[in-house]
Number of protein chains: 2
Amino acid sequence: MEHTVETYKFFFGALANPNRLQIINVLRGNKKNVGEICQITGFEQTMVSHNLKTLEHHGMVFMEKKGKFRYYTVNKKTIKPLLELIDAHMKEYCCKLLEGEKRK
Amino acid sequence: MEHTVETYKFFFGALANPNRLQIINVLRGNKKNVGEICQITGFEQTMVSHNLKTLEHHGMVFMEKKGKFRYYTVNKKTIKPLLELIDAHMKEYCCKLLEGEKRK
DNA sequence: ATATCATATGTTATTTTAGTCATATATGGA
DNA sequence: TCCATATATGACTAAAATAACATATGATAT
């Protein structure tokens, strides 16, 4: 299925970036506005905004305006089971491999 | 969790590529050797080998030698539920978005 | 109306990733 | 042993993704 491959690439592309993943991780707890995300991660504001836009565009996070703030929430329905699945995978297949990566 | 972010990036990085996804898709049916994968996909042999190596390194596929052939199988335990999860996500959040992508 | 704070957008330079080409290794058969 | 087939590896280039910078927009308060 050609369509399917493009679909998956769209999905994974959004998540194959450490900064976006870290943002997701921060949002796993509670909704946060951009400034809060910057503060917690130490990332620069424009970079965070760019990445939030990508994540929102892919349905990974949702946005809600509140005065001059914008609050972002993670899409728990997708992200939670997804990360759990990955945890299980990594535990079983990749633990040593990742160690190797780090040394590079 | 710093470790977790690197872990997830490792995972998604392997899958954020259309050719690798297509190879996975081909392997979803049955185990196949490199030549067969090339034939089915129309991809060049060295490219397929490179990508299979990446997939194997990430625990997404397994390899089994048989004479001068090497048979690859997809890691169904991870891949199957993963793709199902993504199907559900895309259906709910991304159907129009993907259409937009195609026009670019 | 303007100043300030919060966030977004456009552009560019840099880094990362991927594919290709040339070549190497491994296996089995004559 | 030598050849053919199957697959892997290394190096190089091209293309895509990313972060950083400059700037714009939107909102609130004064």
Side-chain angles (χ1 to χ4, degrees), chain A residues 5-6 8-24 26-27 31-58 60-73 97-98 100-104, chain B residues 5-6 8-27 31-58 60-73 97 100-104:
Chain A
V5 165
E6 279 311 306
Y8 294 147
K9 138 84 174 158
F10 181 79
F11 183 93
F12 291 120
L15 297 172
N17 173 287
N19 294 345
R20 282 197 289 276
L21 289 166
Q22 196 161 339
I23 290 169
I24 285 176
V26 166
L27 292 177
K31 70 171 66 175
K32 301 227 167 21
N33 65 47
V34 179
E36 290 171 328
I37 297 170
C38 291
Q39 206 184 331
I40 294 169
T41 58
F43 294 160
E44 201 212 352
Q45 180 265 316
T46 62
M47 188 264 265
V48 170
S49 281
H50 275 297
N51 282 323
L52 282 170
K53 192 188 175 190
T54 300
L55 290 172
E56 191 186 10
H57 182 227
H58 288 74
M60 308 290 178
V61 305
F62 307 119
M63 192 266 283
E64 180 193 350
K65 290 188 182 183
K66 206 162 194 175
K68 51 181 174 175
F69 299 93
R70 293 188 180 203
Y71 281 85
Y72 287 87
T73 42
L97 305 176
L98 236 190
E101 286 297 295
K102 282 179 187 163
R103 248 167 251 123
K104 274 199 289 195
Chain B
V5 165
E6 279 311 307
Y8 293 147
K9 140 82 174 160
F10 181 79
F11 184 93
F12 291 120
L15 296 172
N17 174 285
N19 294 346
R20 281 197 290 275
L21 288 166
Q22 195 161 339
I23 290 170
I24 285 176
N25 201 42
V26 166
L27 293 177
K31 70 171 64 174
K32 304 229 165 22
N33 65 49
V34 179
E36 291 171 328
I37 297 170
C38 291
Q39 208 183 332
I40 294 169
T41 58
F43 294 160
E44 201 213 351
Q45 180 265 314
T46 61
M47 188 264 264
V48 170
S49 281
H50 276 298
N51 282 323
L52 282 170
K53 192 188 174 190
T54 300
L55 290 171
E56 191 187 10
H57 182 227
H58 289 74
M60 308 289 178
V61 305
F62 307 119
M63 192 264 285
E64 177 192 354
K65 290 188 182 182
K66 206 162 196 178
K68 52 180 174 174
F69 299 94
R70 294 190 179 200
Y71 281 85
Y72 286 88
T73 42
L97 305 176
E101 288 295 296
K102 280 177 186 164
R103 250 168 251 124
K104 275 200 288 196

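Lettering follows sequence order; numbering is per chain, from 1. Bear in mind the structure is a predicted one, so any value in this text is a computation, not a measurement.
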* To do: Rounded off to whole Å, could you give me the NZ-to-P distance for the B/K32 and D/dA6 pair?
  => 17 Å
* Would you call A/H50 stacked on D/dT18, i.e. ring centres under 5.5 Å apart with the planes less than 30° off parallel? -> no
* Please work out if B/F43 contacts a base, only the sugar-phosphate, or nothing of the nucleic acid, heavy-atom cut-off 4.0 Å. => nothing
* Structure fact -> Out of D/dT7, C/dT7, C/dA18, minimum distance to the side chain of A/Q45 belongs to C/dT7
* Where is the tightest heavy-atom contact between B/G13 and B/R20, given as atom of each residue plus distance? -> O-NH2, 3.2 Å
* From the list C/dC21, D/dT7, D/dA22, which nucleotide is the closest neighbour of the side chain of B/R70? -> D/dT7
* Asked: Whole Å only: how far is the CE atom of A/M47 from the C1' atom of C/dT14?
  -> 14 Å
* Asked: Among the nucleotides C/dG19, D/dA19, D/dA27, which one has an atom lying closest to any side-chain atom of A/K68?
  -> D/dA27
* Asked: How do A/K65 and B/V48 order along DNA chain D: which one's closest nucleotide is nearer the 5' end?
  -> B/V48
* Does B/N51 have a side-chain nitrogen or oxygen under 4.0 Å from the phosphate oxygens OP1 or OP2 of C/dG19? -> yes
* Structure fact -> Of the candidates D/dA22, C/dT20, C/dG19, the side chain of B/N19 sits closest to C/dG19
* The single option from A/L55, A/V48, A/V34, A/I24 passing side chain to side chain contact (heavy atoms under 4.5 Å, CB included) against A/Y72 -> A/V34
* To do: May I have the step-by-step check of side chain to side chain contact (heavy atoms under 4.5 Å, CB included) for B/I37 and B/L27, ending in yes or no?
  => CA-CA 8 Å; B/I37 297 170; B/L27 293 177; 3.9 Å; yes
* Taking OH from B/Y71 and P from C/dT27, how many angstroms apart are they, rounded to a whole number? -> 16 Å
* Length of the line joining A/K53:NZ and C/dG10:P, which is rounded to integer Å -> 6 Å
* Asked: Is the distance from OP1 or OP2 of D/dA17 to the nearest side-chain N or O of A/R20 less than 4.0 Å?
  -> no
* **Phosphate-side-chain proximity, B/Y72 and D/dA8, N/O vs OP1/OP2 below 4.0 Å** => yes
* Asked: Do the ring planes of B/H57 and B/F10 sit parallel (below 30°), tilted (30 to 60°) or perpendicular (above 60°)?
  -> perpendicular
* Please state how far atom CD in B/E64 lies from atom P in D/dT7, giving the value in whole angstrom units. => 13 Å
* **Closest to side chain of A/N17, choosing from C/dT20, D/dT18, C/dA8** => D/dT18
* Given atom CZ of B/F12 and atom C1' of C/dT17, what is their separation to the nearest angstrom? -> 18 Å
* To do: Taking all non-hydrogen atoms of both residues into account, name the closest pair between B/K31 and B/E36 and its distance.
  => O-OE1, 4.4 Å
* Would you indicate, yes or no, if C/dA18 has its OP1 or OP2 atom less than 4.0 angstrom from a side-chain nitrogen or oxygen of A/K9? => no
* Would you kindly give the NZ-to-P distance between A/K66 and D/dA27, to the nearest whole Å? => 16 Å
* Could you state the atom-to-atom distance from NE2 of A/H58 to C1' of D/dA17 in whole Å? => 12 Å
